[in-house]
Amino acid sequence: MSSEFNRNNVDGDAQSVTNGSSTGPVSPSSPTNDSSPIAEPAAHSNGTASRETPKQVEDVMYSDIGINTLLNRLKQSIASARDFASFLQKRSKLEEDQAKELKKLAALHIDSVRKSEVRGGSFATQVTEVMKVHDRMAENGMQFALSLHQMHEDLNVLTANMERGRKVAKHEGLEAEKRASDAEAAMQKAKSKYDSLAEEYDRAKTGDTKGSRRMGLKGPKSQEQYEENLQRKLQVADTDYEERVRAAKSQRDSLVSQLRPKMVRQLRELCKECDAGVTLQLQKFATFNEKLLLGNGIAVSPLAGESGSQKSLRDVVFDIDNEKDFHSYVGGHINKIPPRQSEIRYEQHPTLAPKTQQPNSRSVSGPAPSSQPPVQQPTLSVNTSTPSQPGSMNSRYSTAQPAPGPLVAPSQGLAYNQPEYAQAPSSAGPQQPTYLNYGQQQVQSPAYTPQQPPARADTFQSPPYPTDPMERNGASPGPGLPPQQTMGTIAPGPPQHRNTIPQQSPAAGPMSPAPANLPPLRPTFGVSLQDLFDRDQSAVPLVVIQCILAVDHFGLETTGIYRQSGTQSHVTRLISQFNHNPSSIDFRNPANFYHDVHIPATLLKQFFKQLPDPLFTHAAYQAFIDASKFDEEGQRRDGLHALINELPDPNYATLRALVLHLHRVTLHEGKNRMGSGNLGVCFAPSLMGTHTGSQIADAGLQARVLDTILQNATAIFDED
């Protein structure tokens with residue numbers, strides 16, 4: 001019924017793929033030359049001559065299972081292409097992320113090297129070159145990632161085209177196979193009917209009817225009628241059978257000679273094109289990897305002999321001259337060497353050496369007569385001279401004997417002659433006072449009661465802190481007076497510049513705190529910084545000055561300073577005193593804050609918490625929060641620095657004093673366990689303001705603002 005198809009004579013018009021390049025897929029609907037034989041491609045994708053197709057492969061491809069087999073093979077090729085495209089996509093993402101992070105890391109390190117805290121000289125220069133090498137490696141990685149991404153896109157386009165071609169070939173090929181199978185099935189059915197009627201007709205002719213009744217529409221049929229009826233049916237069946245055979249043969253011939261070779265050729269070319277496309281991308285992948293490694297290698301170690309070639313990474317590192325950098329840094333401080341004011345020699349303290357004074361002579365020539373009056377005993381005094389004056393001593397409170405001479409009253413400018421006293425000789429020697437040590441202060445013990453000179457009307461009395469607004473502002477106190485000291489420091493000076501403290505005798509001990517409920521004559525808590533400045537003419541509020549003074553002298557090494565709270569009743573009493581008269585409190589004496597340094601620390605936080613407008617102001621709150629969101633430390637520091645410079649003058653001055661003080665606290669973190677992070681958490685609610693609602697979520701960012709400012713305190717504020 002069907003003739004064998006000579007597959008060796010069928011033209012295939014195979015599509016050649018050379019060296020990784022491929023043309024577009026053959027459209028299954030394109031016209032083909034049915035009479036031309038199939039030709040094998042002249043070369044493989046690698047450019048070598050194609051091998052002859054084995055006979056068993058030919059037999060399978062052009063058999064009844066050939067189209068299904070090729071469809072499955074093409075499906076595998078498409079799946080492989082998709083898998084490799086997915087790999088390229090993931091690898092591209094990894095390379096891109098790595099390149100970005102490497103570039104960012106190199107830039108951050110270059111910025112870090114430029115800071116003053118890091119070594120300079122050849123180290124900074126060569127490390128910058130090392131980071132530039134890393135930057136070039138990052139650029140190579142970015143190019144590699146872009147190439148992989150493009151390869152991924154190309155494979156996606158290829159697999160989409162192959163999938164469309166497979167669907168068309170599957171539809172046409174399987175449809176042709178089905179038509180041929182249906183024609184053969186109809187032929188087999190007609191043959192079965194034809195064979196059945198032929199056998200029945202043969203039995204009727206031989207008389208072997210086996211008693212079957214021959215009934216017709218008009219009654220029983222005769223033998224002749226029965227045979228004629230069977231003969232007619234047999235002829236009809238024979239005619240139908242012949243037609244079915246011709247149709248099946250035609251379908252089979254068309255399938256074998258035209259449709260099947262066409263589908264086999266298309267599917268085979270689709271497989272080759274898909275495989276060649278994947279192979280091409282694999283070759284490109286290998287090439288790009290080599291290019292990446294070669295580019296990084298050249299960046300690390302440039303080729304020798306190239307004009308203008310850079311140094312290798314090894315040579316760059318070897319150019320670091322540690323000795324030269326050390327000499328350059330240390331030698332750069334030659335202009336900062338302080339001059340030697342005096343030679344090192346032993347000087348006995350005046351209170352420990354016996355002193356006698358003659359009425360009309362400054363020199364001591366021997367023991368004074370016993371008839372002379374006793375020498376004036378040391379009195380507690382405060383030095384208001386500058387450290388640059390000669391003859392100064394390293395204690396804020398002095399018990400030195402005042403020298404004879406004029407005493408100038410700062411408020412009046414009048415000079416008085418001070419009496420001279422001579423000490424009578426005593427066999428037991430001069431009686432010396434004893435002291436209690438409070439940080440850097442020396443306070444006379446109540447056990448010692450010095451003899452005071454007779455009260456005089458010309459003695460000038462003043463408290464140990466500045467009371468005149470011009471003095472607190474650093475203005476000149478007037479002609480003939482010593483320069484004003486800076487906040488929080490009492491510098492010693494010559495005896496003639498000391499003022500006695502007549503408020504209490506050394507034997508009486510520290511002053512007792514004032515009652516808790518005092519009238520608020522000069523309110524301090526709950527008053528804005530601008531109002532305090534306008535009233536007191538002090539850029540930094542007096543309560544802030546006193547609290548900082550107390551912690552600087554007595555609390556820098558106290559564990560948990562500013563984290564632990566003081567006794568609330570004592571804090572409330574001190575708030576009442578500050579609201580009554582802030583100038584009447586002196587925290588240089590620890591008895592005035594109940595010998596508990598946590599009380600002035602709590603008082604300081606309470607002052608900032610009760611401000612009507614926080615130290616960082618409500619208006620600038622969101623700007624500070626936004627600046628704290630920068631991940632890069634330098635950018636965050638610069639943003640906060642710019643916002644601090646825009647604060648009002650009282651806020652800026654107060655913040656400067658507080659930050660430099662907290663910076664001193666962090667220098668003792670090993671003992672007080674209070675670093676910049678802990679201090680930021682403790683002070684953020686007080687300085688940024690108490691907030692509710694959505695701003696509660698800003699607690700971490702508020703602490704980050706304070707932490708960043710404290711870490712860069714000396715960079716934001718000039719510490720003088």
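In this text the structure is predicted, and so the values were computed from the model without any measurement. The figures here come from the full heavy-atom set of this structure, side chains too, leaving out hydrogens, waters and symmetry mates. For reference, positions follow the sequence shown, starting with 1.
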Approximate separation, where rounding is to 0.5 Å, of I67 CD1 and E172 CD
10.0 Å
Work out which heavy atom in C274 is nearest to a heavy atom in L158; give both atom names and the distance.
O-CD2, 3.9 Å
Audit row: L270, R164, side-chain contact (heavy atoms from CB on, under 4.5 Å) steps and yes/no:
CA-CA 10 Å; L270 288 175; R164 286 195 298 269; over 6 Å; no
Any side-chain heavy atom of V300 sitting closer than 4.5 Å to one from M137?
yes
So, the side chain of S628 versus the backbone of I625: is there a donor-acceptor pair under 3.5 Å, distance only?
yes
Ignoring hydrogens and geometry beyond distance, is a side-chain donor-acceptor pair present between Q76 and N72 at under 3.5 Å?
no
For P261 against Y62, the heavy-atom pair lying closest together:
CA-CE2, 4.0 Å
Non-neighbouring partners of N289 that pass side chain to side chain contact (heavy atoms under 4.5 Å, CB included), sequence neighbours left out:
R91, F144, F285
H641, NE2: over 12 other non-hydrogen atoms inside 6.0 angstrom:
yes
Side chains of E139 and K103: does their closest heavy-atom pair fall under 4.5 Å?
yes
Please answer whether the main-chain N or O of L71 pairs with a side-chain N or O of R166 as donor and acceptor at a distance below 3.5 Å.
yes
Would D253 and K249 count as a salt bridge (Lys or Arg N to Asp or Glu O under 4.0 Å) if you check the C-alpha gap in whole Å, the side-chain angles of each, and the deciding distance to 0.1 Å?
CA-CA 6 Å; D253 292 343; K249 185 178 181 180; 5.3 Å; no
When rounded to the nearest 0.5 Å, the distance separating CG of D202 from CD of E227 is 10.5 Å
Just grab all the salt bridge (Lys or Arg N to Asp or Glu O under 4.0 Å) pairs involving residues 630-640, residues at least two apart or on different chains.
none
Might you point out which heavy atoms bring R673 and N678 nearest each other, and give the distance in Å?
O-ND2, 3.2 Å
L679 side chain near L706 side chain, heavy-atom distance below 4.5 Å
no
For S686 and C682, indicate whether the former's side chain and the latter's backbone hold a donor-acceptor pair under 3.5 Å.
no
Can you name the side chain to side chain contact (heavy atoms under 4.5 Å, CB included) partners of K90, sequence neighbours left out?
S86
Any N322 side-chain heavy atom under 4.5 Å of I320 side chain
yes
Once rounded to the nearest 0.5 Å, what's the spacing between atom CD of Q283 and atom CE of M151?
10.0 Å
Side-chain contact, heavy-atom cut-off 4.5 Å: F624 with L687?
no
Note: G277 and L155 closest approach over all heavy atoms is O-CD2, 4.2 Å
Verify, without hydrogens or angle tests, whether S250 (side chain) and A247 (backbone) share a donor-acceptor contact under 3.5 angstrom.
no
Report yes or no: does T708 contribute a side-chain atom to a donor-acceptor pair with the main-chain N or O of R704 at less than 3.5 Å?
yes
Look only at the side chain of Q251 and the backbone of R179, and say whether a donor-acceptor pair between them is shorter than 3.5 Å.
no
Sequence-distant partners of R563, salt bridge (charged side-chain N to carboxylate O under 4.0 Å, His left out), two or more places apart
none
Side chain proximity check, S301 to L313, heavy atoms < 4.5 angstrom
no
Distance only, no hydrogens: is a donor on one side chain within 3.5 Å (strictly under) of an acceptor on the other, for Q225 and N229?
no
Can you establish whether the number of heavy atoms outside K284 located under 6.0 Å from its atom NZ is more than 12?
yes
Test: K132 and E129 ion pair at under 4.0 Å
yes
If you look only at pairs with a residue in residues 61-71, which of them pass as a salt bridge (Lys or Arg N to Asp or Glu O under 4.0 Å), with sequence neighbours excluded?
D64-R252, D64-R260
Using the rule given for salt bridge (Lys or Arg N to Asp or Glu O under 4.0 Å), can you reason through D240 versus R244, listing the C-alpha separation, both sets of side-chain angles and the distance that settles it, and then say yes or no?
CA-CA 6 Å; D240 182 62; R244 297 291 182 181; 3.7 Å; yes
Is it the case that S77 and D275 place a side-chain donor and acceptor less than 3.5 Å from each other?
yes
According to the ring-ring contact (aromatic ring centres under 6.0 Å, His included) rule, which pairs have a member within residues 95-133, sequence neighbours left out?
none
K55/D59 salt bridge by N-O under 4.0 Å criterion:
yes
No-hydrogen, no-angle side-chain donor-acceptor test under 3.5 Å, Y621 and D698
yes
Work out which heavy atom in G680 is nearest to a heavy atom in L710; give both atom names and the distance.
N-CD1, 4.5 Å
What residues, two or more places apart in sequence or in another chain, satisfy salt bridge (charged side-chain N to carboxylate O under 4.0 Å, His left out) together with D97?
K93
Treating S181 as the side-chain partner and E177 as the backbone partner, does any N or O pair qualify as donor plus acceptor under 3.5 Å?
yes
Do any N or O atoms from the side chain of H134 and from the backbone of V130 form a donor-acceptor pair under 3.5 angstrom?
yes
K291: which residues meet the side chain to side chain donor-acceptor pair (under 3.5 Å) condition with it, sequence neighbours left out?
none
Under the side chain to side chain donor-acceptor pair (under 3.5 Å) test, residues paired with D315 that sit two or more places apart
S312
Verify side-chain hydrogen bond (donor to acceptor under 3.5 Å, both in side chains) between N156 and R82, making sure each step is shown before the conclusion.
CA-CA 7 Å; N156 284 342; R82 285 176 175 168; over 6 Å; no
Hey, could you give me the CD1/CG distance between I65 and N68, rounded to the nearest 0.5 Å?
8.5 Å
Mark yes when over 12 heavy atoms from residues, nucleotides or ligands other than K189 sit less than 6.0 Å from its NZ; otherwise mark no.
no
Could you pull out the closest heavy-atom pair between A81 and V278, with the gap in Å?
CB-CG2, 3.4 Å
Listing request: all ring-ring contact (aromatic ring centres under 6.0 Å, His included) pairs with a residue in residues 257-284, at least two apart in sequence or in separate chains.
none
In this structure, CG of L102 is separated from CG of D135 (nearest 0.5 Å) by 8.0 Å
Angle between ring planes, F87 versus F84, binned at 30° and 60°: parallel, tilted or perpendicular?
parallel
Could you pull out all residues at least two apart from H171 that satisfy side chain to side chain contact (heavy atoms under 4.5 Å, CB included)?
none
Identify, with sequence neighbours excluded, every residue that meets side chain to side chain donor-acceptor pair (under 3.5 Å) alongside N296.
N140
Donor-acceptor contact below 3.5 Å, side chain H152 vs main chain L88
no
Keeping T206 on the side-chain end and R203 on the backbone end, is there a donor-acceptor pair under 3.5 Å?
yes
Separation between CG (D321) and CD (Q126), nearest 0.5 Å, reads 10.0 Å
Quick one: do the Y194 and Q235 side chains pair a donor with an acceptor below 3.5 Å?
no
